[in-house]
Amino acid sequence: MQLTAPATARPGTRNRTRDADGMAVASFILGLLGLLVFNIFLGPTAIVLAAVALWRGTQRRGRAFLGMGLGVADLLVLLAFVQMDNTLSWSF
């Protein structure tokens, strides 16, 4: 016979982890997409989403680190193309 209710997790913990997992995946996808288009916007967005996902304790840490790395790579690609064209934007 059990006299107390079973211990459960805090009410918002599961949703918060799921949100953080979604942010990790979104940072990966945006970082990957940013290598092709809009890297001046998608790179920093991927970095911020990955940082927030890691701060919230995502279960997909590898995906968040990949998103952060791809976000940095987006900015490096932008820098390389800007240096080659001597303009603020780049085109093929």
Side-chain angles (χ1 to χ4, degrees):
M1 181 171 171
Q2 189 173 5
L3 296 177
T4 59
T8 58
R10 293 190 333 226
T13 305
R14 184 173 181 164
N15 288 337
R16 184 175 173 161
T17 303
R18 190 176 337 161
D19 290 344
D21 290 346
M23 283 187 223
V25 172
S27 72
F28 174 73
I29 291 171
L30 291 177
L32 197 58
L33 186 61
L35 288 173
L36 302 173
V37 293
F38 298 123
N39 49 3
I40 196 165
F41 300 113
L42 296 180
T45 304
I47 294 170
V48 169
L49 280 175
V52 171
L54 289 170
W55 182 71
R56 287 189 177 184
T58 183
Q59 297 294 319
R60 299 175 183 236
R61 293 179 55 85
R63 188 87 28 104
F65 282 122
L66 280 172
M68 189 175 289
L70 285 170
V72 170
D74 292 346
L75 296 177
L76 292 176
V77 166
L78 176 67
L79 181 68
F81 279 123
V82 166
Q83 291 297 319
M84 287 177 15
D85 290 342
N86 292 326
T87 62
L88 187 58
S89 63
W90 60 272
S91 60
F92 291 108

- Decide yes or no for L33 and V37: does some side-chain heavy atom of the first lie under 4.5 Å from some side-chain heavy atom of the second?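 Contact flag for L33/V37 side chains = yes.
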Let me check something: do [X] and [Y] share a hydrophobic cluster, defined by ILVMFWY side-chain heavy atoms less than 4.5 Å apart, either directly or through other members?
X: F65; Y: M23; answer: no
X: I29; Y: V72; answer: no
X: L66; Y: L32; answer: yes

- Atom pair CG (L79) and CG (L76), whose distance is rounded to the nearest 0.5 Å: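 Answer for the CG-CG pair, L79 versus L76, is 6.5 Å.
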- Item | Spatial distance of atom CG (L78) from atom CZ (F38) [nearest 0.5 Å] |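 Rounded to the nearest 0.5 Å, the CG-CZ separation comes out at 13.0 Å.
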Testing the basics here: between [X] and [Y], what is the closest heavy-atom pair and its distance to 0.1 Å?
X: N39; Y: L75; result: O-CD2, 4.0 Å
X: A53; Y: A24; result: CB-N, 3.7 Å
X: A50; Y: A64; result: CB-O, 3.2 Å
X: M68; Y: I47; result: O-CG1, 4.0 Å

- Task: Applying side-chain contact (heavy atoms from CB on, under 4.5 Å), name anything that partners L30, two or more places apart in sequence or on another chain.
- Result: L42, T45, A46, L49
- Query: Which pairs with one or both residues in residues 57-68 pass side chain to side chain donor-acceptor pair (under 3.5 Å), sequence neighbours excluded?
  - Reply: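 Only D21-T58 qualify under side chain to side chain donor-acceptor pair (under 3.5 Å).
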